[in-house]
Amino acid sequence: MPELPEVETVRRGLQPVMEGAKIVVAEARRPDLRFPFQPDFVARLQGQVVTGLGRRAKYLMADLASGDVLLMHLGMSGSFRVIKPDNDAAPGEFHYPRGKDTTHDHVLFRMSSGADIVFNDPRRFGCMKVIARNALEDEPLLRGLGPEPLGNEFDAAMLARSCEGKTTSLKAALLDQRVVAGLGNIYVCEALHRSHLSPRRIAATLSTRKGEPTDHAKRLVGAIHTVLNDAIKAGGSSLRDHRRTTGELGYFQHSFKVYDREGETCKTPACGGTIKRFNQNGRSTFWCRKCQK
DNA sequence: CGCAATACCTGGGTGC
DNA sequence: TGCACCCAGGTATTGC
């Protein structure tokens, strides 16, 4: 499901009920998500005050008063929702209407702010892990991540440098979280279209022989900034699974120019091309052959 | 080494 | 209706 804009939308939804509140009860309803929960997972969360809720790439990071950090990743199908606890339930129990959509409720938090937070993830590609804040730089899940695409360090020069010598496609390079951290299939397709660059272009063509960024690299960075910022403003894109923590849909999918638009007309002014789809490294690529070069 | 393919999961849609 | 198959917003691992 979620790429950077969706994760940021979730972060903004959880922040008001998590920050400054205590995790009164934590519950993992199955032994694992992508990997097994740590044996002390619940113990390290329960009773802790969340001092801040941040984001790094597609990871949510809840700072705890203990000095631990709770890392959360939504995988392909993870979502959080915030619900009102049932006042008639026992203090440590979560009572709420069950249905098909609650089958995959795997992790629950009761916050002292008066909210229950439910993590749902049908495919279980998501994960949660508690680590010590002073060991963040040694954390394997975070160690290899490249720059934040909306951060100050990420610019055309940096992108060109990290693509130097890469013989893979530009599409594959942008999906590589070591190159830039937070893009996924949707926003890579959209950023390439908005910068009029072909997904098949060799990644190394973003820099000159001298190692300077090309105009292509500058255009691409501009497009990445624009599409991510616009998508965050729209509350992300809702195709199948993404919901805001309130259950509402994001609406950036209405602004897609290529993603999921196979056979439709290109939205580039005066282009008139037809959006095509093909498979690149096992993922669908959507693009306009006429205006993306 | 870089890169492509594969595996991990469930569910929805399609075509027979 | 059932079934086989394909597809899905991610990422770690495998193998060439």
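Residue numbers begin at 1 in each chain, while the letters A, B, ... track the order of the sequences.
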A:Asp215 with A:Lys218: basic N within carboxylate O range, under 4.0 Å: yes
Rounded to whole angstroms, how far apart are CG on A:Asp105 and C1' on B:dT10? 15 Å
Counting side-chain heavy atoms from CB outward, which of C:dA12, B:dG11, B:dG12 is closest to A:Arg34? C:dA12
By the 4.0 Å heavy-atom rule, please label A:Tyr187 as base, sugar-phosphate, or nothing. nothing
What's the closest nucleotide to the A:Lys166 side chain, out of B:dC3, B:dC9, B:dA4? B:dC3
Does the ring of A:Phe125 lie flat against the base of B:dC8, closer than 5.5 Å centre to centre with planes under 30°? yes
Heavy atoms of other groups near A:Arg178 CZ, more than 12 under 6.0 Å: no
With rounding to whole Å, what would you report as the distance between B:dC9 and C:dC3 at their P atoms? 23 Å
Measure from the side-chain heavy atoms of A:Thr167 and tell me the nearest of B:dG2, C:dA8, B:dA4. B:dG2
Nearest to side-chain heavy atoms of A:Gln177, which nucleotide of B:dG12, C:dT11, B:dC9: C:dT11
Kindly indicate whether the side chain of A:Arg123 and the base of B:dC9 share any N or O donor-acceptor pair separated by less than 3.5 Å? yes
Expressed as a whole number of angstroms, how long is the span from A:Glu139:CD to C:dT11:P? 14 Å
Less than 4.0 Å between a side-chain N and a carboxylate O, is that true for A:Asp105 and A:Arg81? yes
Describe the nucleic acid contact of A:Arg178 in one word from base, sugar-phosphate, nothing, applying a heavy-atom distance below 4.0 Å. nothing
Between C:dG10 and A:Ser77, is there an OP1 or OP2 to side-chain N/O distance shorter than 4.0 Å? no
Count the heavy atoms belonging to other residues, nucleotides or ligands that lie under 6.0 Å from CZ of A:Arg133, then report whether that count exceeds 12. yes
d(CG, A:Leu239; C1', B:dG13) in whole Å: 15 Å
Among B:dA4, C:dA12, C:dT11, the nucleotide that comes nearest once only the side chain of A:Arg283 is considered: C:dT11
Distance check, P atoms only: C:dT11 and B:dC1, in whole angstrom units. 22 Å
Let me know the distance between NZ of A:Lys171 and C1' of B:dC3, rounded to the nearest Å. 15 Å
Fill in the dot-bracket string of DNA chain B, one character per base: . for unpaired, | for a pair to another strand, ( ) or [ ] for pairs within the strand, taking Watson-Crick or G-U pairs under 3.5 Å. .|||||||.|||||||
Atom CG of A:Asp176 to atom P of B:dG2: distance rounded to whole Å? 10 Å
A:Lys267 atom NZ, neighbour heavy-atom count above 12 within 6.0 Å: yes
May I ask you to verify if any side-chain N or O of A:Lys100 is less than 4.0 angstrom from the OP1 or OP2 atom of B:dG11? no
A:Tyr259 has a side chain; which of C:dG10, B:dA4, C:dA8 sits nearest to it? C:dA8
Could you check whether A:Glu148 pairs with A:Arg56 (Lys NZ or Arg NE/NH1/NH2 to Asp/Glu carboxylate O, under 4.0 Å)? yes
Return the value, rounded to whole Å, for the distance between atom CZ of A:Arg124 and atom C1' of C:dA8. 17 Å
Nearest whole Å is fine: how far is B:dG12 C1' from A:Asp101 CG? 15 Å
Take the protein atom CD of A:Gln280 and the nucleotide atom C1' of B:dT6, then report the distance between them rounded to whole Å. 18 Å
For A:Asn152, does the CG atom have more than 12 heavy-atom neighbours from other residues, nucleotides or ligands under 6.0 Å away? no
Ignoring the backbone of A:Arg277, work out which of C:dA12, B:dA4, C:dC7 is nearest its side chain. C:dC7
Pick base, sugar-phosphate or nothing for A:Gly282, based on heavy-atom distances below 4.0 Å to the nucleic acid. nothing
For A:Ser284, answer base if it contacts any base atom (sugar-phosphate contacts may also be present), sugar-phosphate if it contacts only those atoms, and nothing otherwise; contact means non-hydrogen atoms under 4.0 Å. sugar-phosphate
Does any non-hydrogen side-chain atom of A:Asp88 lie less than 4.5 Å from one of A:His95? no
Pair A:Arg11 + A:Glu8, salt bridge at N-O below 4.0 Å: yes
Among C:dT11, B:dA4, B:dG11, which nucleotide sits nearest the side chain of A:His104? B:dG11
